[in-house]
Structure formats: C-alpha cells, structure tokens
Amino acid sequence: RPGLALCAGCGGRIQDPFLLRVSPDLEWHVACLKCAECGQPLDETCTCFLRDGKAYCKRDYSRLFGIKCAQCRAAFSSSDLVMRARDHVYHLECFRCAACGRQLLPGDQFCLRERDLLCRADHGPPPDGAAARG
C-alpha cells in the first residue's frame, strides 16, 4: 500500500518502501513515528503507546497517564507491590499512617480521611463502623 497511505504523524502521503503501522488503522512514515513527549524514534524495536492520536514511548506514557502513588505521586513499575485503599493505590513503603508514620501492613485496620491514612491508634474507633481493612 505504499503511495496510498497517509501518515498519521505529518499527514503526507507515504511513498516510502516501508511504513510503520500502529493500531489497525494508523500508518506512519518511519521518520515520523516519534514519542510526542521526548522525541525518541518509535520503530519496530520499542513499544509504542497511543493516546488521543499521539504516540508515546513506554516511559513517557507511564509517567503522563499511568496510575500514580497516592502518597508520593510517582508512577509504578510493573514489579511494584501495591496497597489499595478505596480508589487510591500506594507503594508498600508509602502506605503509612499520616500521624505517626508507622507502616501499615496487610490486615491492619486503618482509616482513610480524604487522602490521609491513619492507623487505628491515631483514628480511634470508627464513628460509623466504616474502618477499612488493608
């Protein structure tokens, strides 16, 4: 199909002998497929992520759009173990009582007040029985 395709990056006709296809329907000149954030070329040797019609390298996509720790705001790596409280996700080392700094472990009772985690000793008995279990 070279010569018939339009490049999703520059909009020009692809007449090169090679093109890169991302997703089932987006085709790019080899030179046009770059990370929208850092400019790294995205060829067949690296993973490409699409969002809103823009291509990103894995590092920038994770940094910009990935889930971030509710405490330190850093992105997670695929090997990180996490703790969850409602819709918040934490690195294990960030899952600590905001008042005393004690690390909360699986099975510990805690309270989540807005964005602050509080251990049982620092939040006392739950007023309405709404304590979460880790």
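Just so you know, these numbers use all the heavy atoms, side chains as well, and skip hydrogens, waters and symmetry mates. Along the sequence shown, residues carry numbers from 1.
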Give, for atom OH of Tyr61 and atom SG of Cys48, the distance between the pair rounded to the nearest 0.5 Å.
11.0 Å

Roughly how far, to the nearest 0.5 Å, is the CD atom of Glu93 from the CG atom of Leu81?
9.5 Å

Among Gln71, Arg73, Gln103, Met83, find the residue that satisfies the side-chain contact (heavy atoms from CB on, under 4.5 Å) test when tested with Cys94.
Gln71

Does Arg13 offer a backbone N or O that forms a donor-acceptor pair with the side chain of His29 under 3.5 Å?
yes

Side-chain heavy atoms under 4.5 angstrom apart, residues restricted to Ile, Leu, Val, Met, Phe, Trp, Tyr: same cluster for Leu33 and Val30?
yes

How long is the straight-line distance from CZ of Arg63 back to SG of Cys57, given to the nearest 0.5 Å?
8.0 Å

Counting only heavy atoms from other residues, nucleotides and ligands, does the tally under 6.0 Å from CG of Leu6 exceed 12?
yes

Atom NE2 of His123 and atom CG of Leu112: how far apart are they, to the nearest 0.5 Å?
10.5 Å

Treating Ile, Leu, Val, Met, Phe, Trp and Tyr as nodes and any side-chain heavy-atom pair under 4.5 angstrom as an edge, say whether Leu50 and Leu42 lie in one connected cluster.
yes

Rounded to the nearest 0.5 Å, how far does CZ of Phe95 lie from NE2 of His88?
10.5 Å

Output the distance between atom CG (Leu117) and atom OH (Tyr90), rounded to the nearest 0.5 Å.
4.0 Å

Hey, does the side chain of Asp116 reach the backbone of Arg113 with a donor-acceptor pair shorter than 3.5 angstrom?
no

Minimum-distance pair of heavy atoms, taken over all atoms of Glu27 and Ala5
OE1-CB, 2.9 Å

Residues Ser62 and Ala75: closest non-hydrogen pair is O-CB, 4.1 Å

Give the cluster check for Phe76 versus Leu92: same hydrophobic cluster or not, with ILVMFWY residues linked at side-chain heavy-atom distances below 4.5 Å.
no

Sidechain N-carboxylate O distance under 4.0 Å for Asp122, Arg102:
no

Strictly distance-based, threshold 3.5 Å: is any side-chain N or O of Lys34 a donor or acceptor partner for the main-chain N or O of Ala55?
no

Report yes if the distance between the aromatic ring centroids of Phe65 and Tyr56 is under 6.0 Å, otherwise no.
yes

Is it the case that atom NZ in Lys68 sees more than 12 heavy atoms from other parts of the structure closer than 6.0 Å?
yes

